[in-house]
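In this text the structure is predicted, and so the values were computed from the model without any measurement.
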Amino acid sequence: YVKRIAVITSPSGAVIRDILHVLKRRWPLAQVRLYPVPVQGDEAAAAITGAITSCNNHGWAQAIILARGGGSLEDLQAFNDEAVARAVAGSAIPLVSAVGHETDFSISDFVSDQRAPTPSAAAEILTPDAAALGRSFAQYETQLQRRMLGQLQRLAQKHDHLAHRLNRQHPGQRMKAQRQLLS
């Protein structure tokens, strides 16, 4: 499971809080490194491209979430920039594009490794549900205990059977049986 996630987004928006909340709830083992960028405006495309490059150069992350909340087509323009698209497509680290909301699409969505309909969904895609895993492990533990108990019972029966056979084959028992036949 992914333990180190880089998040490229605005540090002040609701997006980062939503992602952190989902990760804390689903997979508290996840470590997050924020690469703060403006997500709209003239500097956004260059900052996003630089953050993707930096993230790949650092090599710390096992996955990247590129995220922004919804907005108008103009608000999402940085994610339609050719340089951003090339950086997303060229990322050596798997990248989930979570730009906008369910009905919003950008070029970065189409060139990423995975598209998420929302930033929160991106966090869910990358992480398992720890509570569900806990329930599965509890079921496996119960099943393992039943199988171990059954195996121990079979081995105990086999032991009893072999002990009985060994007792019958003991030379003292055989001589006793021969004596009874002779008398």
Which donor-acceptor pairs under 3.5 Å do the side chains of residues 55-62 make with protein atoms, sequence neighbours left out?
from : atom 1 : to  : atom 2 : distance (Å)
N56  : OD1    : S91 : OG     : 3.4
N56  : OD1    : A92 : N      : 2.8
N56  : OD1    : I93 : N      : 3.2
N56  : ND2    : I52 : O      : 2.9
N56  : ND2    : S91 : OG     : 3.0
N57  : ND2    : T53 : O      : 3.4
H58  : ND1    : Y35 : OH     : 2.8
H58  : ND1    : S54 : O      : 3.2
Q62  : OE1    : K3  : N      : 2.6
Q62  : OE1    : R4  : N      : 3.0

side-chain hydrogen bond (donor to acceptor under 3.5 Å, both in side chains) against Q143, all qualifying residues, sequence neighbours excluded
none

Over all heavy atoms of both residues, which pair between A121 and A116 is shortest? Give the atoms and the distance, please.
C-CB, 4.1 Å

Within this structure, what is the CD1-OG distance for the pair I64 and S97, rounded to the nearest 0.5 Å?
11.5 Å

For A51 against V37, the heavy-atom pair lying closest together:
CB-CG1, 3.7 Å

Less than 4.5 Å apart, any side-chain heavy atom of L73 and any of N80?
yes

Among Ile, Leu, Val, Met, Phe, Trp and Tyr joined by side-chain contacts under 4.5 Å, find the other residues sharing a cluster with L152 and list them by chain and number.
none

Salt bridge (charged side-chain N to carboxylate O under 4.0 Å, His left out) pairs, two or more places apart, involving residues 31-45
none

Members sharing L182's hydrophobic cluster, built from side-chain contacts under 4.5 Å between Ile, Leu, Val, Met, Phe, Trp and Tyr, are none

Donor + acceptor pair across side chains of S106, S108 (<3.5 Å)
yes

Connected hydrophobic set around Y140, excluding itself, where side chains approach under 4.5 Å
Y1, W27, L29, L133, F137

Residue pairs meeting salt bridge (charged side-chain N to carboxylate O under 4.0 Å, His left out), one or both in residues 53-78, sequence neighbours left out, come to none

Grouping I, L, V, M, F, W and Y whenever their side-chain heavy atoms are under 4.5 Å apart, do V111 and L95 come out in a common cluster?
yes

Fellow cluster residues of V32, listed by chain then number, with links counted only when side-chain atoms sit under 4.5 Å apart:
V2, I5, V7, V15, I16, I19, L20, L23, L34, I65, V96, L126

I need the full list of salt bridge (charged side-chain N to carboxylate O under 4.0 Å, His left out) pairs touching residues 8-25, with sequence neighbours left out, sorted by first then second residue.
R25-E124

Rounded to the nearest 0.5 Å, what's the gap from CG on L144 to CZ on R147? Could you check?
8.0 Å

Roughly how far, to the nearest 0.5 Å, is the CG atom of L149 from the CZ atom of R146?
10.5 Å

Could you list all the ring-ring contact (aromatic ring centres under 6.0 Å, His included) pairs where at least one residue sits in residues 69-90, not counting sequence neighbours?
none

Show me the side-chain donor-acceptor pairs of residues 162-172 shorter than 3.5 Å, one per line, residues at least two apart or across chains.
from : atom 1 : to   : atom 2 : distance (Å)
H170 : ND1    : G172 : N      : 3.0

Calculate, to the nearest 0.5 Å, the distance between atoms CZ and CD1 belonging to R115 and I125 respectively.
9.0 Å

Heavy atoms of L76 and G71 approach each other most closely as CD1-O, 3.9 Å

Do any N or O atoms from the side chain of T9 and from the backbone of A67 form a donor-acceptor pair under 3.5 angstrom?
yes

Answer yes if the side chains of R154 and Q151 hold a donor-acceptor pair under 3.5 Å, and no otherwise.
yes

Just jot down the side chain to side chain contact (heavy atoms under 4.5 Å, CB included) partners of A83, sequence neighbours excluded, or say none.
T49, D81

